[in-house]
Structure formats: structure tokens, C-alpha cells
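Structure first, then comments.
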Amino acid sequence: MFHIYCPYCEEHREEEEFHPKGQAHIQRPEDPEACSDETWGDYLFFRDNPRGVHHELWVHAVGCRKFFNITRHTVSYEILETYKMGEQPSVTAKSLSEKDKQAGVQAASGGWQTVGARPESDALNKGARV
Amino acid sequence: MSDVKEFDTRPTGSPSSESPLAWSFHRRGTPPREASAGVTLREKAFLGHLILRGGAIVLDEAVREVLGITLPARPNTLALDNSGERSIQWLSPDEWLVIVPGGEEFALEGRLRKALGQAHYSIVNVSGGQTVLTLRGEKAREVLMKSTPYDVHPQAFPVGKGVTTVFAKASVVLRRPTEEGWELVVRRSFADYCYRWLLDAAAEYGVIVER
Amino acid sequence: MNQVNRLPRGGRVDRSHPLNFTFNGKQYVGCVGDTLASALLANGVDVVNRSFKYSRPRGIVAAGAEEPNAVVQLGASEAAQVPNVRATQQALYEGLTARSTNGWPNVQRDLMGMVGKLGGTFMPPGFYYKTFMAPASLWMTYEKYIRKSAGLGRSPTEPDPDSYEHINQHCDVLIIGAGPAGLAAAITAARSGARVILCDEQEEMGGSLLDSRELIDGAPAVQWSDRVLDELNAMGNVTLLPRTTANGYHDHNFVTLHERRTEHLADSAPSFGSRRQARSRMHRIRAKQVVLATGAHERPLVYANNDVPGNLLAGAVSTYVRRYGVVPGQKLVLSATNDHAYRAALDWHEAGREVVAIADARANPKGDLVDKAQSLGIRIIAQSAVIEAKGADRVSGARVAKIEIESFKVVGGVEELACDTIASSGGYSPVIHLSSHTGTRPTWRDDILGFVPGEVKGLTPAGGARGVYPLGDTIRDGAEAGAQATQAAGIDAGAMALPQITARQDGQACALYQVPHLKPAMRAPKQFVDLQNDVTAAGIELATREGFESIEHVKRYTAMGFGTDQGKLGNINGMAIAARCLNRSIPEVGTTVFRPNYTPVTFGAIVGRHCRELFDPERYTALHQWHVEHGAEFEDVGQWKRPWYFPRTVNGKKETMHEAVARECLAVRERVGILDASTLGKIDIQGPDAREFLGRVYTNKWAKLAPGRVRYGLMCKDDGMLMDDGTTSCLGENHFLMTTTTGGAAGVMEWLELWHQTEWPELDVYFTSVTDHWATMTVTGPDARKLLAEVTDIDLDKDQFKFMDWREGTVAGVPARVFRISFTGELAYEINVQANYAMHVWTTLFEHGEKYDLTPYGTETMHVLRAEKGLIIVGQDTDGSVTPEDLGMQWAIGYDKPYSWIGKRALSRPDTRRTDRKQFVGLKPKDPNVVLEEGAQIVFDPNQSIPMSMVGHVTSSYYSPTLGHGFALAVVKGGHERMGETVYLPMVDGKVHEAEIVSPVFLDPKGERQNV
């Protein structure tokens, strides 16, 4: 049961009031018609699954009904910050990587961990298809 | 904003009307009257409810001019007029709940629209969709503790506060307009569930339902 | 039997108030202040249970939550049955009735006991898996008997008369445990003005102070705890919760507490007039800070036959003597590794019974308590331990021998001492369970020979829970933890003046877990590690030999620490044995992690008030009362109660659903029917960009919809799959009213906000839910216009008020918006009025409708009527894998809209362009009497071998009274190109139905009936 600070209500509320909506900062391609099937597929289906810092989109469903972002540690479940739509996180995997190393947590570089979502894995996948 | 269809949903005649708790009262009646009870419950039916959406800067002046109340711009706050009969409550950074005596809402909407002119905002009449329950008594707070995860301790929930939160398995707008009691703004379709929940949770203290 | 073991005086029980109770059918007498366990011991009851696997007789071992054996089934009546109650935690009350959980047919003469004796050596770990898993099909048969004989408690078969509840609490500092550390923490925090909750699982707060031999400020320790409790009790900012176990520690300092409010009073909560309190409460606590002051559990030593009744923990002996005035035997042998355990011998001696000897594993024991024992003339045998207990249903002797811990050997001769009680102490394990519930691993400390809590944010361990044992240190540690937690909660806390305690000088303890025996563990009499799960030292040895090296694997293989026990007594000993076998240190073997719940919680407490008619919200429309009074059968649609059909009683016989639906369908097709459609989601949309927004979230075009007009729209997710549908009306140039499906209402509202808030914040538009504000009634059928004309001032002329128009006016004198849309294929008007006036409008329609035989219909008829027209229901005919094109609804897709609307791009992905996608079609069974089963799988060739390749399934299927035959809607691979082909539906019973693929529109394909 998380205790979540809603940046719009400006106070902590119980998890029951919120719905998680998946990874944050997923950008809909600017011009969908011009992008490749692969790019569109990545946007639709591929998400990161890092061990460590993760940025998530949540909505204060039983409350102000505003969407906002949570930076959460997927091992400790600690919420490192919450921030409004349109804002950028100040706590990231990079900013915490030193600290995580000390704690024995392996944070993937840049948070990319999902096969298919980062260029190297993409190349691997292509190889596998041949 | 222009080109919005205003519509008074209140009839000019007086056809029979039924509050959201009518079915509950019909089916279960009210608990037997007790000499003393820890909790007293009452429905404030048929009030005028408007949802006002827009930027605080856009709405503030019009609200003050038309309602005589300063728009509560701080999250989770509630403001009342001197009579205590009209209130406006912050629901989200661009959403407020206005509750006025029944029958005033349509004229109020018109006056607000006039004052707001071409600005971007929205006003929606939801008077048929919700009702207000008041909860008073020595044990009112304890009944709320059994019902909502929100902290209702006076330190955390002073008079003048109002929040949307979880209530049992439904949600309500919970507010504390005065020292004497609490108000729950309940959606019509959930009203019977909330009523039954309150009676059950308050049973150990004794409960009076005023009608 | 009288209370043979009750001392004439001493303890905190009230001998002047006897209480009668029944255990395993026999009557006994205890007194106020007893637990069930202390009362049983007072009465000399040795055997309280049979063990889980070997069915060996078992007695009481401990005095608190760590008790592994005395787990009983409570309740005098069937309805009041509660399983898995620890006798050590159950207060005695008049009339208490309990039975042993295990033991079939009874504890004294037990069937499985024979199996245990004979089969013991043949029941190694994994016995059940290895023996009974093959053939797998017979497991069900075995399981029934194994469970019955093993006994795991049982739930009542009658309804529980009690109520239970949850209560939400918030505080600055939650202190778990009201022993010396917890009390010091609580008083420090409370004096600062912080909101404090102090809970303790026992009947009385005070913890170890309740049986302490030590003095605080020169007076018995318990007087100090009484004073502190009095002060706390008088403070408005403090909540004291005795009989309350903190069972789960969850993320961000959310703690669940199980308060037993009436379980010390009776089987069932007492009533006061018509008022009755809940039997137990689950406190859901959100604490800014938590102080973990849960103390420590004593570790028993692992020696042969250490499970025979009469083997107790040393500390438990002291508790029973000092707190309950009960000496559980006549002659005691104590086997110890530390000074603190000596209390048992001193208390026993002071109670006037014989201490035969103390076997101390240390070569040279010394310390204040050792001196005291010596001065009383008690025999102390150094560098020795009890290696084996003698006796069957009760200890009859102890075999004591000189041992060498380093080489794990018996190094001297064995002396057999006659005794009836063996107390053992192998040291103390901090009660760290809660600290590991959120996944934090504990840390091993060699100096205290135990695990202490790892670092958990917001949680401060104090006193015994972090290995601080001397009383004075414990109080100081508690006070410091209290101050620290209060500061961390943002409140200034002063330091507490510490009481005066003369520090006791204790010698160094030694590390001993399993005691060596003359024979190797595999051949020695059983040395139990986990008494509740019958795990032995030999079992753990075997597990390590079979290759299980991680303690987590050993645990799963042997069942150590399973079940309601959660390894309270046995885990550390088990780890130490595994470590010895693997020649590693304890932390190298791995640490254990505990899960919630700390002790069992009743289902009642978990469920709280969310049961029976409050199990889930039931949402009612404004017309619900009418439906009930007119005999409607209801269907659950989400949380809504919707009329399903309205059976009539004809000639004293109530119609079946089939009959009622046939009648209702024909009434709509031939005359006029009315449906309560209030549950449809309704969203008011205002703003200059409202139209643009609609164009982006719907697949079809909205640019030209004029005020006064209505349009049906499809909503997709960005993967191109249909998510919802409904009509949206243009109320004004910048004002729309959207309807959604009943089940989709909340989701669509959130969906619109999601896109507005995250992708298109630049669009000026606002959404407000008006679902509950409007009641909606659909009047439909050839006579709909005539009926409505009688009660409205709206011009219903077919050229003035056309299909897909809406108008406003009054209906039955109530302001109304009327929408000319149809979900039945007939002439239809949807009337929206403010819900408070809905009943007036509805009943007025019926007053006027009598001459047209106005027929109320429910959701079932609605389904048949819409299916005859091939109209989909999202979520029934679609499942998140269906595109608008799959549905054949190309007419509702605006490919040339300028903005790439949600779902558009995905419709040109290779997968959505496949020609063999499952497509929406009608199915006409060859046999007109057949109504296909919804969900039935479709094949092209019924003669292929199994598994057949399935090419689609039936999504909706009904009998049509209008058409006179069964019909269905389905999805079939490439179905749009297969019109007229025959498909097959093989059924479970071997029958194969044949059906023809047809258009999903079965009735009036040109729409002439609705357009009149």
C-alpha cells in the first residue's frame, strides 16, 4: 500500500485513490502516418522493466483526477519523487546510479532493459529472426 | 463561452420528485428512534449542484461577483457564504463544486456565464446526480474512520476542508463545513450503498436518521 | 482434576474468580487472568495436540505467539468455530470450549500415531511428494485422508453471527510492543504531543516486565510499567491497543493490526440492547514512523525427543510461575547456554519445587544469576547439555552428558536424571518478522547470536527486537528510539528521565543450537527443529545431502517455518544445522525472510464490513423501486442492478425467462416497449475545441455534425482495437453530450482526461460526468410516437424530428431532452430527464401507455432486439482484439480525417491488414430450433483430427421470436468473404451443429422500421 504525494492535491493520499497507467514519458510519434511499423509497434507495445529507478504515469482517480508522474524504485518500492505532467524528473537512474551501486542494485544504463526497446536489442532480435 | 446549450432541468410545475435516498427510506425505513445516539444522519436533498471547470484566474472574479464567495484556490478547501447555505469547494486545480439551495442553480449558471463571457470554462448542472448526507454526533468521526482511509483527525481535517476520497468501496466528497458536523456528497447511484454502510458502521453507537 | 499445578499465591491471576472451561470435552476450572494455556497447565494437562506429520503427542512449549503446539479449535457452537488459535494467546473466559486441532479420532488415542511410530523412519522430508504424487490422479483421494488425519483446523459450516470491521488510523509514531522498550518509546513520543498508537498482542501490556525479577527505582518492575501505562492512558493524543497484533508491515509504513475486541469475553461478541460491537477490528495504520519493540523469542535447544510433553522453553517456565502462578511440573532439569535462562530454575525453586540440575553448555558459567543458583544449592553441571529426553506422554527423565561444541560430540558419560520437566534455552532471537515483510533482509550479529532487522525506512527497532537485552539498556534504547522516531515525524521530543536499575552482571552466552547425541542425527531419536511442521535435524541434514544448499530451498523441501508458525522457534536452529552440515557460517547459508501475517488472522477480520449485502456496491437507477415492485429479475452489469426481464404471472404461473423475453420482444416489434437505459455513461463536453477532440478520439467524422443532431461513434485504443461505442449529440457548437457503454463509463471518462492531460493539453475542452444526473428511458416500437405525443410538447413530426435528431421540451411536464436513436431497429425515442423526476415521467408514460400495451423490457430483450439488427455490444461481441474493420464497420472510419486519430495508424499495420483476421458475421443454425452456445468454437472441417483448428467463436446467440429461429453473431476467420459457407460447431457432448455464415443484420437490413 503506497502512500503517494499528489502534486496537484499537495498532500499524501492512500494508494486506493490512484490507478497506475504504465511507464511515463511514452511519446506518441509526432506524425504517426510517417513512422515505420516498427516505430509504431515500439510505441504501442514495448515498455521498460528496470530493476531500479522507474518513471511511471499514475492518475489520482478518486481525487482530483489528474495524471502525474512517479519516480519509483522497483526494488525498495520507495517513491523518490512525484511531478506534474509536462515536468521532467530530477531523480533518474543516472543520478542515482552511484548510490545504487553501493546498495548492490544493478541499474541498467538509461533504464532501457526491455528487449526490442533499445537499439542493441533490436539488432539482436533482427539477427534472431533470420 | 458561447454556443453552449443551457437547459433548466427543474420543472416549472411541481411533479413529484424523489431524492437519491427515496428508495432506501422506502425499503428499509429508518432505524427505530433512540433517546441518545452517537451519530445523527440526515439527507439534504434537492439542492442545486454545479460543477465549475476552468482556470482559477478565469473564474475567481466571476465567482466573487455572482456568489459573493472568494474562489478557494488552495487544494482541498471549501468556502461558504455568510448564511452557510451556499458553498464552493476545490475539487481539482481546474474544477470546483458549487452547492446552493435547490432552484437557484439555473439562474446562478446564467449569471456566471454572463460574467465569464468568452473565456474558456465549463459549467455543468449535476443536481440530479448527487445528494448531500450530513453526519453529526460524538461518534461521527469514528464512523468515518471505519469508512474512509482519509485522515479525519481534527488536526488533519479542520473545518473548511473538503476532499474527494474513498468511502468503503465507493467514493464521496467528504467535507467539514462547520464545527458541528460532516457532509458527504454522494453520487445518486451509490447513495443506497453509502447509506446502508453508514447505518451498519454506526450501529454500535446508536444512530438517528432525521427526515 | 483440580488445579494441581496452581500456586497458592503470586502471579497476576485472580483466584477468587474461577472460570469453567472445556477442553477436548472435559471440564476444567481456571481463573480470571489465565490464558487457556496457563489454565491447562494449572490443571496438569500434558498432551494438548498431536503433531502434524508423525502424530506424536505434544504439550505446551511457550507462553506467547511463538507457541508451536498448543494450536486449538475454539468455539462452543458450530457457528462460533475459530481454527488455529494459540492457547497461549487466548484469554480464558467462562464457558470457553476448545479442542485440539490435530488428532483423529482423539489426541490420546490417535490413529496416525501408529503410522508415526511405525512409519516415522520411512517419512523423510518430501515423503508426501515422493509417495503420493504418482499417479497424480489419485492425489485427490489421498489428500482427503491426509488432511483429515493431519488436521489443519476447520472453518465453521454455519453463518458467523459476529460482525467484523476495518478502521483507518493515522499517527505520528506507532509503537509495536508494550514491553520495557515499547513503553519507554511510547511515553517519550507521547509527551512530545505526537499522535501515538501503542499496540501489544497480549491481554496485558508490560511484556517482559510482567514476569521480571528485576527492580526499577527499587520497586518491582511491573509497578513502573503500570505507572507509565496510567500516564499514557490519560493522554488524549495516545491510543492504547491491547490484544492487538501487528500482523503485517507493508510499504511506506502501512501496518495492519488485528485487534481482538471481544475474544477474551465470549465465543461471540456480547450485545448491549440492540447494539453490538464488532468482534475484531483490523486497524489499517498509516504511521509516519514505526518503532519496532517486539522483543525477542527464546530459542529452544534441539536434542533427542525434545518434543515430548514437559519440554518447555526456560522463559516460558518463568512466565507461567511468575505471571500465572502455575508451576508446570514437579522436578525440573534446565539445559541452558546463557545466564538469563537461570531465572527458570530460580523461579521453580522459589515456588517450592525441586530443581534437579542445571546443565550449562559453557565450560565456566559465571554471573549474578549463576551465583544465586549456586547459593541456593542448585546443582550446576558445566560444559554439558540435555542430549535426550525420556518419556512418552510426559517427560520422565533427562539424559545429560558432557559435550564439545567445536567438534559437535558427546565427550563424557551420560547421566540420566529423573524429572518431569525439561526447560531449555539456546539464546534469544529478536522478533524481526515485521521488519522483513517489505523484503528487507535481516543482518546476523555474532555477538548476540541472532539476526537483527535490516535498515527499513521509517522503522526504528528498539530493545530486544534489535538484540539489546539488559533491562536498563532496553528502556534507554526504547526512549532513544521513541525520541528519534518523533523527531523523524517532524516533532520535537524531549529526552526521558531514565529510571534507576541495578545492572545485572551476566556471563557470556555460548552458541549451541543442535545438541550432539551419541548416535548420528539420522539414527538418534528425533531431534525436532520445527515442532509445528515436524521438521527434524535429520531432515535438514538429509536435505543438505540431497543438494539443497540455500536455506530457502531447505525450507521448501522440509516445510520448516511453514504454515501458521512462520519459523518463530525453529528457523535459526534450522539454519544453524544447515550451516554446520554445509560447513558454512549461518549468514552464508542465507537469511530467512518472513511474510505477513505474523500470526493467523481470521477471515472475518480481513473481510471486515465488506460482506453480505455490503460485499460490493449495488448501484441503482432512479427507477429501481418501480422495477422491484413490478417483479423484475435483475442482472448485474458492472455494479449496476439492471432489470433483466419482467416475468408476468399468467394463470398463476410465472413466465420463464424464455417466455418473458419472447413476449417483450414481440411487444417492441409490434407495439411499444420501454427500457430503463439510465446506466449508460454520459459525459458533458464543453469548449471551443470539443469538436476537434471528438474527431481525435472517435474513428469517424465530427466536423460537420450540426446542433440538434446525433451521431454514433466508435472509439479505439491506439492499437486499433475497439474499446467503446456510443452516440454523441451536438448540443451547441461548443457543447456535446457523449454516451458510453454502461461498463465503459468510468474508463472512457479517464481515457478522455488521459489524452487531454498528457497529449493534447493545448485543446480547450472540459469533460464532466453526468451519468447520475440524467435518467434515460427508451420508448421504442411502432406506437412509440403516438405514446410520446400524448405527454410531450415536442413536435414529433417525422420530417421535423428525424432519425438521429435530438430535441428539447417537456415530457410529462418535466424538462427533457429527447434523442431519436435506436438500439432495437424500431422507431425509438430516448428521453433524458433529471433523475429526481424520473419516476414521475416513467409512471406518467405508463398511465398513457396502457392503451398501447406499453411493455417494460429488460436487458435480455434489449440484447435479442439489437442482435437481430446486427448491432454490437462492446465487450460481448468484441474482446480487445477486434478492429472496426473486423466488424465490417468501414462506414464509421474516417480515413481521410486530417488528424491521425487514435487507432488510425495501427489499422495499417501488417497484422491488422491480414485477410484471415476473425471477422464479425451472422450465423444461422441449419436446425431452426438450435440456439448455439455463446463461446462455442467454430471449425471449417468437423472431421479433422483433434485438436481441431478453430477458426472463430460465437459471441452472441439467442432465439428470435420475430424470425422464428435461433440465430447468432460470431467472429470467423476471413468471415466477410465466406458468406453462405457452412461452418461447424462441435460440442462437448459430441454433437456437431451446422450453421451458415450470413450477414449479421437479420432483420430489416435497409433500416425502414426505425426511419418512419
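Since this is a predicted model, take the numbers as computed values, not measurements.
R905(C) places a side-chain N or O within donor-acceptor distance of the main-chain N or O of P32(A), the cut-off being under 3.5 Å. With hydrogens and angles disregarded, no donor-acceptor distance shorter than 3.5 Å links the side chain of E33(A) to the backbone of K904(C).
Rounded to the nearest 0.5 angstrom, K66(A) NZ and T758(C) OG1 are separated by 11.5 Å. Here the straight-line distance linking atom NE2 of H3(A) with atom NE2 of H250(C) works out to 14.5 Å at 0.5 Å rounding. In this structure, R286(C) CZ and E15(A) CD are separated by 8.0 Å, a value rounded to the nearest 0.5 Å.
With a 4.5 angstrom heavy-atom cutoff, I79(A) touches chain C via backbone and side-chain atoms both. Contact annotation for H170(C): only side-chain heavy atoms (C-beta onward) come within less than 4.5 Å of a heavy atom of chain A. Only the side chain of K21(A) comes within contact range of chain C, with heavy atoms under 4.5 Å apart. For H12(A), no part sits under 4.5 Å from any heavy atom of chain C, backbone or side chain. Contacts between A746(C) and chain A at a heavy-atom distance below 4.5 Å are absent for every atom of the residue. Looking at M85(A), the atoms closer than 4.5 Å to chain C (heavy atoms on both sides) all sit in the side chain, from C-beta outward. Both the backbone and the side chain of P910(C) come within less than 4.5 Å of a heavy atom in chain A. Contact annotation for E753(C): both backbone and side-chain heavy atoms come within less than 4.5 Å of a heavy atom of chain A. Only the backbone of S908(C) has a heavy atom closer than 4.5 Å to any heavy atom of chain A.
The pair R284(C)-E14(A) fails the salt-bridge criterion, with no side-chain N (NZ, NE, NH1 or NH2) lying under 4.0 Å from an Asp/Glu carboxylate O.
No more than 12 heavy atoms of other residues, nucleotides or ligands sit less than 6.0 Å from atom CD of E455(C). Residue Y899(C) qualifies as enclosed at atom OH: its count of foreign heavy atoms under 6.0 Å is above 12. By the 6.0 Å contact criterion, NZ on K897(C) is enclosed, its count of non-hydrogen atoms from other residues, nucleotides or ligands being greater than 12. Atom CZ of F45(A) sits in a crowded spot, with more than 12 heavy atoms from other residues, nucleotides or ligands closer than 6.0 Å. Around the CZ atom of R914(C), the shell of radius 6.0 Å holds more than 12 heavy atoms that belong to other residues, nucleotides or ligands.
Ranked by heavy-atom pairs under 4.5 Å with chain C, the first of S76(A), G41(A), S36(A) is S36(A).
Two residues are said to be in side-chain contact when any heavy atoms from C-beta on lie closer than 4.5 Å; M1(A) and D251(C) fail this criterion. Side chains of R28(A) and W755(C) form a contact here, defined as non-hydrogen atoms less than 4.5 Å apart. Side-chain atoms of L44(A) and D718(C), non-hydrogen and from C-beta on, do get closer than 4.5 Å to each other. A 4.5 Å side-chain heavy-atom check between F67(A) and L754(C) finds at least one atom pair inside the cut-off. Looking at heavy atoms from C-beta onward, D31(A) lies out of side-chain contact with S900(C) at the 4.5 angstrom threshold.
Taking each heavy atom of R65(A) and F767(C) in turn, the nearest pair found is NH2-O, 4.2 Å.
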